Amino acid sequence: RCTKRKTVHREALNRPNPTSSFKTHETMVPQSGTTPQRPQASRSNRLRFIKLLVLIVLCLQNSIFTVLRRYSQGVLKEQYSKYEVLLVGEIIKMIFSAYVISTQLSSSPTSDSDIKNSNHQLSFTSHLIKLCTSAQKMFILSIIYGIMNILSYVALRNVSAGIFTICAQLKILTTATFSTLMLNRKYSWTKWRALLTLIIGVLLFSEPVWNKAGILQSSDDDGNVILGTLAVLTEVTLSGFASIYFEKVVKTDPEGQNLNIWERNFQLALGSFPVYLGFILVGNGGKLFNGWSKVTFVLALLGAAGGLLVALSIKYGDAILKTLATTGAIVLSSILDHVWLQGPLTASMALAGCVVVTAIFDYSFDATPLSLVLPPPPVLVPSPSYASLRGADSEIELDDEEINVGTDGKDVEA
């Protein structure tokens, strides 16, 4: 009896406790499964919040810039060159980008303060020289912007503001098309329908501009409507190409992976400086800053801020989202113009504004699965059988549990 009791007691001690193992498993699995995912989820939420914040601020900047420019030229009757405003904006953007670059370089730890200051000056100067000598791709983008300004001038000399407004809305489609061609992006049919709806909504919203008696005629008696239409269509195409080109250089350029968004902004402002200076010298005959006021300087500051926000929106989003923000600014600026400057705002414009906002939300919150957007994976063709590779003397016998391949009297079991 003692031996039997000892045996039963020993078996009870060695037997595992299902309750304790279940509790251990229950407490361990969630900790090991959720802890590595928390940093990744928080990082994605942070990037999504930054993208949304940049787009909202960009929309507000475009709206305030448009209303303030109308107040400056429509109410105050200020006469100044828009290229001077753009030039001062590029100078402000260049100075601000250089300041941020200097701050980033000065954050490197050094023991001695004198050595740190001297090294910082040398490294900052050499870094700016390196940025200037490696800015060829940004210079190309600046030349494209200069050509777009020339085409805009030619178009407005030959067609009316109505035709120009209608054709300018095609920038949305050209940007999406170049995005699929240059960046290999795939968009769902929901997003394509949202973009088309956005174009229709903007056209309906701007109906008071182009739906007037004779507004679709040429703006000049000697103007060529065909030449003007070709000019505005070429400008629209270059606008879509320039947006995707800048996004590709910022995100996928192998030579510029070490350059941040501030260094790219410095290069772009440096390339735009001679372009706008040339327009000023040709158009104003060398006269600078005629008709400037405090409002004009604020416009230059807002223009510089807009350039920085566009670069940030492309970095954290894409060119399509930037286009959505600028399109939404058309509706917001018209509302602000109606409240502050008694601009037109009819019932049809209000309904068209709702269509624009709905299209933006349809594009931004599209929940189409990637399996319906991306093409199906290629079908794998099975390789030739072992028997066809070995020759006719090979014999394959299939069974439920094993495969016996007989070759030259030798059996291979798999």
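Below, each value reflects all heavy atoms present in this structure, side chains not excepted, and no hydrogens, waters or symmetry copies. Quantities reported herein were computed from a predicted structural model and do not represent experimental measurements. For the single chain, residues carry numbers from 1 onward in sequence order.
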Counting distance only, does the side-chain N/O of [X] pair as donor-acceptor with the main-chain N or O of [Y] below 3.5 Å?
| X | Y | answer |
| --- | --- | --- |
| Thr323 | Ile172 | no |
| Ser152 | Met148 | no |
| Ser106 | Thr103 | yes |
| Ser72 | Leu68 | no |
| His338 | Pro344 | no |
| Thr237 | Leu233 | yes |
| Asp337 | Ser333 | no |
| Lys51 | Asp318 | no |

Which atom of [X] lies closest to which atom of [Y], heavy atoms considered:
| X | Y | answer |
| --- | --- | --- |
| Ile261 | Ala311 | CD1-O, 3.5 Å |
| Gly146 | Phe279 | O-CZ, 3.4 Å |
| Val159 | Val225 | CG1-O, 3.6 Å |
| Ser188 | Thr368 | OG-OG1, 3.6 Å |
| Leu309 | Leu58 | CB-CD1, 3.8 Å |
| Gly228 | Ala155 | O-CB, 3.6 Å |

Reported [atom1]-to-[atom2] distance for the pair [X] and [Y], which is rounded to 0.5 angstrom:
| X | Y | atom1 | atom2 | value |
| --- | --- | --- | --- | --- |
| Ile320 | Ile244 | CD1 | CD1 | 5.5 Å |
| Phe139 | Gln136 | CZ | CD | 7.0 Å |
| Thr296 | Glu84 | OG1 | CD | 9.5 Å |
| Leu302 | Ile92 | CG | CD1 | 9.5 Å |
| Ser126 | Leu131 | OG | CG | 9.5 Å |
| Phe96 | Asn265 | CZ | CG | 9.5 Å |

[Y] side chain reached by [X] side chain, heavy atoms, under 4.5 Å:
| X | Y | value |
| --- | --- | --- |
| Gln267 | Leu259 | yes |
| Phe246 | Leu268 | yes |
| Met349 | Glu207 | no |
| Phe266 | Val100 | no |
| Phe178 | Tyr245 | no |
| Glu263 | Ile101 | yes |
| Thr197 | Asp362 | no |
| Leu341 | Val67 | yes |

Is it the case that over 12 heavy atoms from other parts of the model lie below 6.0 angstrom from the [atom1] atom of [X]?
| X | atom1 | result |
| --- | --- | --- |
| Tyr99 | OH | no |
| Tyr145 | OH | yes |
| Trp192 | CH2 | yes |

Exercise for the section: Verify side-chain contact (heavy atoms from CB on, under 4.5 Å) between Phe164 and Glu235, making sure each step is shown before the conclusion. Expected result: CA-CA 11 Å; Phe164 187 86; Glu235 181 199 356; 3.6 Å; yes
Practice task
Could you go through the side-chain contact (heavy atoms from CB on, under 4.5 Å) check for Trp340 and Val75 one step at a time?
Solution key: CA-CA 12 Å; Trp340 291 341; Val75 178; over 6 Å; no
Handout entry: Working for side-chain contact (heavy atoms from CB on, under 4.5 Å), residues Ser206 and Ile330
Key = CA-CA 9 Å; Ser206 57; Ile330 298 176; over 6 Å; no
Practice task
Could you give me the CA-CA distance, side-chain angles and deciding distance for Phe273 and Leu87, then say whether side-chain contact (heavy atoms from CB on, under 4.5 Å) is met?
Solution key: CA-CA 6 Å; Phe273 182 84; Leu87 178 65; 3.4 Å; yes
